[in-house]
2 protein chains.
Amino acid sequence: MEYRFSDRVSNLKPSAIREIFKYATDPAVISLSAGNPAPDAFPVDAVRACSEAVLQEQPIDALQYSVTEGLPALREDVAVFLKQHCSIATPGDAVLITSGAEQIMDLLGKSVLNEGDTVVCEEPSFIGALNSFRSYNAVLKGVPMQEDGMDLAKLEEILKTDKRVKFIYTIPNFQNPTGLTTSWEKRRGIYALAQKYNTLILEDNPYGDLRFAGEAIPAIKTLDTEGRVLYAGTFSKTISPGMRVGFAAGGSALIQKMVVCKQGSDVHTNIWSQLVIHRFLHGWDFEKHLKNLQKIYAQKYAVAEKALRETAPLLAFRPIEGGLFLWCTLPDSIPMPAYCKAAVLHKVCVVPGNAFLTDETQPCQSFRINYSSPTNEDLARGIAILGELAAKWPNA
Amino acid sequence: MEYRFSDRVSNLKPSAIREIFKYATDPAVISLSAGNPAPDAFPVDAVRACSEAVLQEQPIDALQYSVTEGLPALREDVAVFLKQHCSIATPGDAVLITSGAEQIMDLLGKSVLNEGDTVVCEEPSFIGALNSFRSYNAVLKGVPMQEDGMDLAKLEEILKTDKRVKFIYTIPNFQNPTGLTTSWEKRRGIYALAQKYNTLILEDNPYGDLRFAGEAIPAIKTLDTEGRVLYAGTFSKTISPGMRVGFAAGGSALIQKMVVCKQGSDVHTNIWSQLVIHRFLHGWDFEKHLKNLQKIYAQKYAVAEKALRETAPLLAFRPIEGGLFLWCTLPDSIPMPAYCKAAVLHKVCVVPGNAFLTDETQPCQSFRINYSSPTNEDLARGIAILGELAAKWPNA
């Protein structure tokens with residue numbers, strides 16, 4: 001039969017990244033397109049031990065239905081971690097365990113967005129979040145990213161003129177896709193503007209724990225005294241994305257509404273994985289584990305940086321201090337879409353930068369590289385192929 | 001700060017069941033209010049063995065990101081099971097693995113419902129699904145349940161006059177909350193009406209494998225030749241609800257749209273649990289496991305039925321042939337809401353029937369009992385307390 005889709009989603013397309021993944025499954029192709037953590041970063045032995053203990057000692061807890069808010073002990077772990085590790089302790093806040101941080105985008109969208117409402121986001125930004133907001137028929141307004149975060153003048157211009165802004169979406173640490181980090185000044189500026197124009201902030205911090213250089217900058221959430229910031233965190237980058245366990249911290253009235261929405265969405269997050277993560281946080285040294293991850297990422301990044309400098313000098317990029325992504329920009333003489341297609345034919349996959357724009361049809365000279373998933377050899381070889389492709393581009 | 005919620009969800013409240021759960025956590029209270037599978041029905045040893053094998057042999061597969069559609073091997077398992085076990089094999093259909101069957105309600109809602117569109121459902125019906133549809137601002141129109149399923153004349157009346165019906169929602173086997181099973185004639189009738197008025201059917205079948213008496217009736221989906229029926233299944237009742245693994249089978253264009261929506265919702269379902277279920281289906285005898293479950297449920301149901309007949313003769317109920325629920329109806333002289341509240345004070349929790357209505361404010365003399373979660377002793381004692389409460393009701 002002919003399906004009649006809702007107006008919200010009829011124009012929603014599979015993300016460009018997913019389309020590229022189809023090529024990336026060819027084992028001959030070097031994929032620099034994923035957003036996957038480094039496979040050797042997974043604490044496999046610890047997960048096995050924790051899971052065995054859970055299934056031994058509390059099998060029914062792990063297999064039975066559970067509460068929508070999330071395992072109370074894990075919510076407490078998250079609250080303690082946020083307080084001790086990140087100095088986040090907004091009075092009146094609550095914690096919700098979600099099925100990955102992506103679900104936070106979905107639940108916030110459902111909770112606050114009427115069709116036609118505006119979400120202000122960084123330009124470019126994380127395509128998964130943008131698509132989630134699009135699925136509620138939100139209007140996306142992008143604020144260009146500068147070296148130290150959003151252009152605050154442009155942000156204020158939007159907030160001043162658009163009365164339908166429901167929230168500002170920002171990834172302050174090692175942003176996806178640019179790798180940029182928002183400065184402390186700009187974090188304070190974003191919070192001040194959100195206060196002035198009375199809007200929410202969705203602070204998405206999946207990569208903050210993957211800092212391998214420079215000094216940590218406090219979260220915007222640390223400035224929050226009134227539940228204005230919904231903070232999104234995840235265990236996807238630090239323990240396992242396959243488990244789909246994320247967490248939101250925000251004003252309890254907002255969290256309560258998100259709980260009601262989650263009830264009608266997936267009832268609760270896989271409780272077995274929640275119990276395993278809870279055990280991991282208690283039985284293992286999480287801080288030491290994070291340090292180990294940071295070491296792994298520093299080493300991999302060094303490989304990528306060296307290869308870029310030595311074998312791909314035509315690709316401009318900004319050095320990063322953490323996260324999973326590098327943002328490469330081509331000289332004007334090389335058209336980015338044609339270049340990315342040619343790269344696939346040369347067996348290297350990257351993500352065309354326009355995929356991350358609020359309007360994909362806009363021109364863009366950049367593309368995203370992931371350095372964490374491939375082996376060091378593939379990483380160096382893939383970048384060298386990209387470099388050669390640029391160097392040999394006709395008339396480049 | 002004062003939150004401004006979307007129109008869709010501003011009136012959405014936590015379900016009455018959840019509110020009752022708060023009392024149910026009191027260990028002195030006998031909870032007949034949950035929808036939990038019997039704890040002794042969980043294949044704990046098999047899950048442990050499968051999980052150990054997965055983490056031993058393919059730990060990175062289990063912990064890394066995976067594809068939104070679901071583990072290809074598990075999708076194939078589901079397709080084979082549906083074909084061999086249920087005679088479901090609509091040409092052109094695809095399978096999607098979801099985070100529990102509840103997510104199918106959410107993804108279908110997002111995919112097809114514009115605000116103000118109509119969902120036709122059984123009256124009473126599963127509150128989780130109703131709330132999911134409500135969260136897209138759908139209009140719910142209830143069709144009264146008769147002994148053998150929906151009143152088809154009433155169903156046609158709605159389909160004939162309401163041009164905004166997007167789908168019919170039905171639970172043909174051991175319906176939640178009534179325990180009723182839709183006859184083969186009515187299944188054919190529902191399909192014929194859906195064809196005549198060109199609407200979709202969402203066939204939700206969480207309990208079909210829990211039949212302990214009578215003859216199985218083919219799914220509506222077996223009649224489907226054109227992708228008109230979206231079939232929702234789950235491993236929650238047969239393996240573990242805590243894992244949150246469900247599956248949808250439907251026309252591939254519809255499934256594709258749901259995949260795009262799932263991408264923006266939770267990216268993919270916990271892949272560790274998907275791999276464990278895949279191993280379980282191959283390493284263990286699933287048919288034998290189902291037979292064992294049916295035996296467990298038959299025994300528990302016998303306890304409930306005996307207790308109702310012997311100790312609670314004022315509670316009218318229809319015998320069931322499977323599933324998790326019994327629907328009890330009070331004499332007109334006992335007001336149901338007051339009775340359910342009094343039951344809590346007597347340390348027995350049930351779910352007031354009006355919670356399952358499209359309009360909760362309508363009068364209702366029934367309440368739902370779950371017989372699968374409590375121990376046999378608690379079950380018999382709980383029902384006896386309910387019987388005594390009815391018998392001693394003033395002026396009853």
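Labels below follow one simple rule: chain letters A, B, ... track the order of the sequence lines, proteins then strands, and each chain is numbered from 1.
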Can you measure from [atom1] ([X]) to [atom2] ([Y]) and round to the nearest 0.5 angstrom?
X	Y	atom1	atom2	answer
B:N198	A:R4	CG	CZ	6.0 Å
B:I271	A:R244	CD1	CZ	11.0 Å
B:D266	A:K262	CG	NZ	8.0 Å
B:M1	A:Q195	CE	CD	9.5 Å

Considering all heavy atoms of both residues, which atom of B:Y65 and which atom of A:G35 are nearest to each other, and what is their separation? CE1-O, 3.7 Å

Minimum heavy-atom distance A:Q64-B:P241, with the two atoms named: OE1-CG, 3.4 Å

For the residue pair [X] and [Y], establish whether any side-chain heavy-atom pair is separated by less than 4.5 Å.
X	Y	result
B:Y3	A:V112	no
A:D106	B:K110	yes
A:Q263	B:S132	no
B:W272	A:S51	yes
A:L63	B:V44	yes
B:S265	A:E102	no
A:S6	B:L113	no
B:L55	A:V47	yes

Options [options], ranked by heavy-atom pairs under 4.5 Å with chain B, top entry:
options	value
A:Q274, A:K257, A:E226	A:K257
A:L254, A:I60, A:L12	A:L254
A:G100, A:G92, A:S99	A:S99

Taking side chain as everything from C-beta outward and backbone as N, CA, C, O, which of these in [X] sits under 4.5 Å from a heavy atom of chain A? Side chain, backbone, both or neither.
X	result
B:T269	backbone
B:A253	both
B:M243	both
B:V276	side chain

Which atoms of A:S66 approach chain B - backbone, side chain, both or neither, heavy atom under 4.5 Å: neither

